[in-house]
Amino acid sequence: MNTILDISQVSMEFQTPKGVFTALQNVNLKINQGEFVSLIGHSGCGKSTVLNIVAGLLKASQGGVILKGKEVNEPGPERAVVFQNHSLLPWLTAYENVELAVSQVFGKRKSKAEKKDWIEHNLSLVHMDHAMHKRPDEISGGMKQRVGIARALSMQPEILLMDEPFGALDALTRAHMQDSLMEIQNELNNTVIMITHDVDEAVLLSDRIVMMTNGPAATIGEVLEIDLERPRDRLALAEDTRYTHLRSEVLKFLYEKQRKIEDFSNNKKTSSTSHAKTSTAAA
Amino acid sequence: MPEQMTNNTGLVNKVITLNFTSEKLKTNFNALTQKLVIPFIGVVVFLFMWSVAAQNIDTSLGKFPGPAAVVEQFKALYIEHQDQREKQTAFYQRQEQRNAKRLAQDPTYQPKIRAYTGKETFLDQIVTSLITVMSGFLLAAAIAIPLGIAVGLSKTLNTAINPVIQIFKPVSPLAWLPLVTMVVSALYATPDPLIPKSFINSMITVSLCCLWPMVINTSVGVASIDSDLVNVSRVIRLSALKHIQKVVIPASIPMIFTGMRLSLGIAWMVLIAAEMLAQNPGLGKFVWDEFQNGSSNSLARIMAAVIVIGFIGFLLDRVMLQLQRIFSWDKSSASV
């Protein structure tokens, strides 16, 4: 396999008034060309920190990231990010938001007409061609996230980084977006790192699920290969025993091996079981 | 008391019938009441209280002017304005005729054209005040907005400049004016100035006072930009200048406008005081001159000026609000 991204020996320490806080320790991960990898873990375990280090938005205290033989020092369009809260510029239309990225990334390499085609192509890829001249406050949350994805795709990234892209959406919209994303993946076969806290989402979309231990000093606990053949269909998979097995593997990791231990553990136990039940229901 | 009670029940019955006949009419009626009738009642009550109070205040210049006296002075001021305009046209006509005559006698004669130097009327003074306040305000904006953006972007600069802003912000225009006057006389020492010194003094004083709210609001607006938007800008590698142009300024436009509205309000208040002392021929000077004049009409004329000052201040605020509605993407921030 052809490794495109190499995260090696990454640690992250933050200076706090109480002293040094180690968020991440010894994170090692290799990602192959065209692979879809999900990072899953409890909130506060440092998933976002890993993604931000890969994006170049944060600098690792130790270790580093190598993308196609080059060390990552700063953010750049070859590592396009889809943010959780869409992060569209509210004063620009969907088209203009994508345009800002396209004209910045392609500059003079594309003619005006080529850029226009490329922007429209990316917006139609996420099924937003009908509303491309609307402003973010005129479209729904799911649509905003679609535009966010179109903007990231339009940069033609080597690797697409998605930070809980569907976390702020309702369950139905989320399912819809997941299907859209699979469809796009079928076509483009991008390399993707996606952060999620949704077990079904992780199993459905990923080639590998990277499960992270709880912080402080969080690291990669287990890596689960998802060898379900593509294209995947959520309805067919719901009955599939391999799917349910993989799903329970992730659940076991999250709720048995890495159960969040807190002072009010009794409360927490009930709430985490109920959470697990909710995600089953959502499937 | 019992009589009133029956009256009230009658009213309630009426309202209920109205309610049943047409719900829509009622909402329309309510909206009308809210928008027109109640403010109208407020103004009427105020006018009544004013005239009652005015009758009971005796000053050395006679009774304090009530609404009627002020209305009369408005008329008088307008007639004075028209008289002056007539005199002015007459003056220019005479001058033209004279020059034409001399030119007919002697073709080599260079005609002299003198400007009319009559007294400024109330309307002229309003115009002067508006020009002064807008110049002062624009000068302040030209300095404050770039400074605010720089302060908002750099924490170090913010820490460095914050004490200065906090100390100068509450300073009254009256404290600045003597300093400004002396500095302007020292630096702007031409025998026949194109722009009068009194104008420059008032303008700079206005600028000094309305600089701060714009700096503060702009810097807060810039500093509170959603960090995700900044990250987007970093990911697509916008240059510093493009980042400011494409992200920072549009994102902070609502806050910049809030600062500008605050500043314009301050500028207008400061201007009147500055004009009084600097003798800039505007509304402030009008008030001061009338006060010095001390005729039986003076108080009514000052009161007329007060109403005009208030009204113009209100209009300036409305104009800014309208501009904000046109230029700002965030329509919710552009409400009253």
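By convention in this document, chain letters (A, B, ...) are assigned in the order of the sequence lines, proteins followed by strands, and residues within each chain are numbered from 1.
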A:Phe14 CZ: over 12 foreign heavy atoms closer than 6.0 Å: yes
Contacting moiety of A:Ala55, where chain B heavy atoms sit under 4.5 Å: neither
Interface residue of largest heavy-atom contact number with chain B, from A:Arg151, A:Glu78, A:Gln104, under 4.5 Å: A:Gln104
Sorted by number, residues from residues 83-100 of chain A in contact with chain B (heavy atoms, under 4.5 Å): A:Phe83, A:Asn85, A:Ser87, A:Leu88, A:Leu89, A:Pro90, A:Trp91, A:Leu100
More than 12 heavy atoms from other groups under 6.0 Å of CZ on A:Phe21: yes
A:Lys110, NZ atom: more than 12 neighbouring heavy atoms under 6.0 Å: yes
B:Ile253 versus chain A, the contacting section by heavy-atom distance below 4.5 Å: neither
Chain B contact via A:Arg79 - side chain, backbone, both or neither, heavy atoms under 4.5 Å: both
Closest non-hydrogen atom pair between A:Ala80 and B:Val235, with its separation: CA-CG1, 4.2 Å
Residues, nucleotides or ligands: over 12 heavy atoms within 6.0 Å of B:Met134 CE: yes
B:Asn231 versus chain A, the contacting section by heavy-atom distance below 4.5 Å: both
Neighbour count >12 (heavy atoms, 6.0 Å) for atom NE2, A:His127: yes
Residues, nucleotides or ligands: over 12 heavy atoms within 6.0 Å of B:Lys246 NZ: no
